[in-house]
2 protein chains.
Amino acid sequence: MLTRKEKEVMDITGKDKICDNLCSLTEKVESVREKMVSSEKLLELSELFKVLGDHTRIRILYALFQSELCVCDLSEILGMTQSAISHQLRVLRSAKVVKYRREGKKVYYNLDDAHIFSLLDIGMIHVNE
Amino acid sequence: MLTRKEKEVMDITGKDKICDNLCSLTEKVESVREKMVSSEKLLELSELFKVLGDHTRIRILYALFQSELCVCDLSEILGMTQSAISHQLRVLRSAKVVKYRREGKKVYYNLDDAHIFSLLDIGMIHVNE
DNA sequence: TTAACATATGAACATATGCTCACACGTAAA
DNA sequence: TTTACGTGTGAGCATATGTTCATATGTTAA
């Protein structure tokens, strides 16, 4: 895409391309464009990673990786207020990253499925290199 | 962790715990706390996911999944300015998610390693359910 | 060297995000 | 029903983030 200034320059010079390789390699660019997953799907994917991309939420998930826990436990383990934890659990719930069950006054949380485990594992491997 | 108000209440009432289960299940909480990965490692992990957690960057990565591309190609494929793409590529470079090579005036980008492919794959599976 | 091209980057701006505070909601025991 | 407990949530604030604009840097050809 062109900036406003670039467009003005192109209007003046009469050029119709951004950079030289677009002439010879339009096929390559077109090929990639065709094989691109829909922007909506990629938006969903980025939303998933965005949910995982927070220190507090990752710590919550790693704690839940060890054991089912209630909000109060998580508050104690992470050393954060119940409110802060609860707000983040809401984000994790909305993204279907955790599931929960009520037992009396308490609400116990778990990781939602095996994919979450895999993502955490592979991510950790990458980080540890 | 306790809010300021909760602490005041506890000072007045003489309580020393947040919620009842902390008495009987301190072992559980302690066990999870011990097995928690270091907060620094989890911070690194969250930084990685944060980098993946943006629509523009995910689209860049999916384009690079198809083929090695220069900044100009990416600009054309995503329909965004060269500047915006370049700024995001810097983020991806810093996080070691992409690598690059210069060829004349152009700089070609690639995904850094197989882990990135795996993360994108598994994430996509989760999203598609 | 000069000109043109491809890319990188700093500043500024608007928007998004995470935590705190205060309080509402839901449950169970008195 | 009233009370206490555990959890959920809206508003407000400070900080973080993504894009644009203008310009700098690096490379090649004339």
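Below, chain A is the first sequence line, B the second, and so on; all start at residue 1.
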* **Phosphate OP1/OP2 of D:dT19: any B:Arg90 side-chain N/O under 4.0 Å** => no
Sub-3.5 Å pairs of nitrogen or oxygen atoms, protein against nucleotides 15-19 of chain C:
residue: C:dG18; atom: OP1; partner: A:Asp54; partner atom: OD1; Å: 3.3
residue: C:dG18; atom: OP1; partner: A:Arg57; partner atom: NH1; Å: 3.2
residue: C:dG18; atom: OP1; partner: A:Arg57; partner atom: NH2; Å: 2.9
residue: C:dG18; atom: OP2; partner: A:Arg57; partner atom: NH1; Å: 3.3
residue: C:dC19; atom: OP1; partner: A:Thr56; partner atom: OG1; Å: 2.7
residue: C:dC19; atom: OP2; partner: A:Gln88; partner atom: NE2; Å: 2.5

* **5'-most by nearest nucleotide on DNA chain D - A:Thr3 or A:Val107** => A:Val107
* Asked: Nearest-Å distance, CG (B:Leu74) to P (C:dA6)?
  -> 15 Å
* Hey, does the side chain of B:Asn128 reach the backbone of B:Met124 with a donor-acceptor pair shorter than 3.5 angstrom? -> yes
List the atom pairs, donor and acceptor, that lie under 3.5 Å between side-chain atoms in residues 82-89 of chain A and the rest of the protein, sequence neighbours left out.
residue: A:Gln88; atom: OE1; partner: A:Arg57; partner atom: NH1; Å: 2.8

Short heteroatom pairs, N/O only, protein and nucleotides 22-29 of chain D, under 3.5 Å:
none

* Using the side-chain contact (heavy atoms from CB on, under 4.5 Å) rule, take A:Asp112 and A:Tyr100 through it: C-alpha gap first, then chi angles, then the decisive distance, then the call. => CA-CA 9 Å; A:Asp112 186 78; A:Tyr100 62 99; over 6 Å; no
* Between C1' of D:dT7 and CD1 of A:Ile85, the distance in whole Å -> 12 Å
* **side chain to side chain contact (heavy atoms under 4.5 Å, CB included) against A:Ser118, all qualifying residues, sequence neighbours excluded** => B:Ile122
* Salt bridge or not for B:Glu30 and B:Arg33, using N-O below 4.0 Å? -> yes
* To do: Taking side chain to side chain contact (heavy atoms under 4.5 Å, CB included) as the test, write out the residues that go with B:Arg102, two or more places apart.
  => B:Val107
Result block: side-chain N/O donor-acceptor pairs under 3.5 angstrom for residues 60-68 of chain B, not counting sequence neighbours:
residue: B:Glu68; atom: OE1; partner: B:Arg101; partner atom: NH2; Å: 2.7
residue: B:Glu68; atom: OE2; partner: B:Arg101; partner atom: NE; Å: 2.8
residue: B:Glu68; atom: OE2; partner: B:Arg101; partner atom: NH2; Å: 3.4
residue: B:Glu68; atom: OE2; partner: B:Asn110; partner atom: ND2; Å: 2.8

* Work out which heavy atom in A:Val51 is nearest to a heavy atom in A:Ala95; give both atom names and the distance. => CG2-CB, 3.7 Å
* Using a heavy-atom cut-off of under 4.0 Å over every strand shown, decide if A:Tyr100 touches base, sugar-phosphate, or nothing. => nothing
